[in-house]
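Labels below follow one simple rule: chain letters A, B, ... track the order of the sequence lines, proteins then strands, and each chain is numbered from 1.
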Amino acid sequence: MEKVTVSQLVRGAEKYADQTVNVNGWVRNNRDQKEFGFIALNDGTHFNTVQVVYEKENLGNYDRVARLGVGSAISVTGRLVLTPEARQAFEIKADRVALEGDSPEDYPIQPKRHSREFLREVAHLRPRTNLFTAVFRVRSMLAFAVHQFFQEKGFVCLHAPIITANDAEGAGELFRVTTLDPHNAPLTGDGKADYSCDFFGKKTNLTVSGQLEAEAFALAFKNVYTFGPTFRAENSNTPRHAAEFWMIEPEIAFADLNDNMNLAEEMIKYLISCLLEKAEPEMAFFSQFVDKGLQERLQDIVTADFARITYTEAVESLQKAKKKFEYPVEWGKDLQTEHERFLTEKIFHKPVFVSDYPKEIKAFYMRVNDDQKTAAAMDLLVPGVGEIIGGSQREERADVLKERMAAFNIEPEELQWYLDLRKYGGVKHAGFGLGFERAIMYFTGVSNIRDVIPFPRTVNSCEF
RNA sequence: UCCUCAGUAGCUCAACGGCAGAGCGACCGGCUGUUAACCGGUAGGUUGCAGGUUCGAAUCCUGCCUGGGGAGCCA
């Protein structure tokens, strides 16, 4: 008798036809009749369940098995039968059903439709539902595909620090990291906490980006990437923001903004191809129940070129559009969410790179273009989610970078090491940040970031 | 943080100033191939919390809490 997984059975049930097999898993549904019953069993190895048929004449504990609740863990031994004419290709005729872990009648997950809001409250149980089983298997596969993509191209993965003293980047509000006692912290002369007495001897925080560190490594390994957690203490209450999320930040040397966009486009297409190929049942589920037609649209994206326009062109086409916007479009002002959505959803109907924004609305490290008015920055906007990538060519000219830091009130001493990278063998280089969860949202059609993170951390919410 | 909508049975919702209900789920029973099975029955409630108006409040008013959506910030 062989121990098998549902995944093995789905991949080749013929191999096990008429053999006795053993499967361990959790009851998704149980329907009993007078003399026989059916259990939909999920063992976690595959999106699908396997149907277990049990009969009174074959099971000594029939009455107990018939009363098994949803969520119970069982071990089933029985004969695998091919059923090509039925809705499922095979099933197991049980000889023995042993209860491994009971699930009483107050089990919150019922064989019916639940709201996402309710399932968030039972985040420890929701991975047992169809939707979250699919979401989190896809998340896992995508994480692997990200590494695969970069490793195949010879990129070096670096683990950027999670605790950092760098708070000059301005990417968002910071989570302070401290070992000082909040009720009894040593004070400086003016009555503020004295961080020179703190663990690191200075103010430290959780990272908001591994970019600056990645730049240092790009100027040693040429092509690198980070893939790790990122923390923003912004008071953001939207379906697209979380306090803790994962970011992929490639950084490439001897490369400009165009190389950067090429890499981003190649990466997105690679990730989608992986999912369409290896996550068929999950993608089919999303396409049918979450976002109608998702599979076809993603398929189209793999073969079509992404749109590429400059900020200036975007402003012109938005101004020409008949649509009346709540916020007027004006050169020099950042694009509002409604503008970004219009561009990607109404004008292009596909991913679009918007590049070369006015330098005043972009970060200090972005390279100033020859027109002196714009910076070599790019955002990738996609339908339904909005911005999933933000990137730029970095300012490699030490004198220009110093000017820009001064304009942003950043003390040179704070980022001396970053300036050093320009002083010693600095070359043009570029990179971007891909929001991992936003990519998952885009690829699955799931519209709330809280539903693509196992245990999401958002403002006022840190359960589990 | 601002705007907006909502909180009623385990879940999804109805009742909108006058007896608190349905569907699903659960439980019990029936059914020889079900597959979000089907048929019959039973149980299940401090209507988010606190206060106010009223003869009477789930319903109207005030404050708070929680959740959804939109905006800003961004990935």
Is any N or O donor-acceptor pair between the side chain of A:Asn237 and the base of B:rU1 shorter than 3.5 Å?
yes

Assess whether one donor atom and one acceptor atom, taken from the side chain of A:Glu117 and the base of B:rG7, lie less than 3.5 Å apart.
no

Using the C1' atom on both, measure B:rG10 against B:rU47 and round to a whole Å.
16 Å

Within the structure shown, what part of the strands sits under 4.0 Å from [X] by heavy-atom distance: base, sugar-phosphate, or nothing?
X        : value
A:Glu249 : nothing
A:Ala242 : base
A:Gln88  : base
A:Glu105 : sugar-phosphate
A:Asn235 : base

Which nucleotide in the list [options] gets nearest to the side chain of [X]?
X        : options                : result
A:Arg438 : B:rA75, B:rG68, B:rC73 : B:rA75
A:Asn448 : B:rU34, B:rA36, B:rG69 : B:rG69
A:Ser115 : B:rA36, B:rC73, B:rU12 : B:rU12

Under 5.5 Å between ring centres and under 30° between planes: true for A:Phe245 and the base of B:rA75?
yes

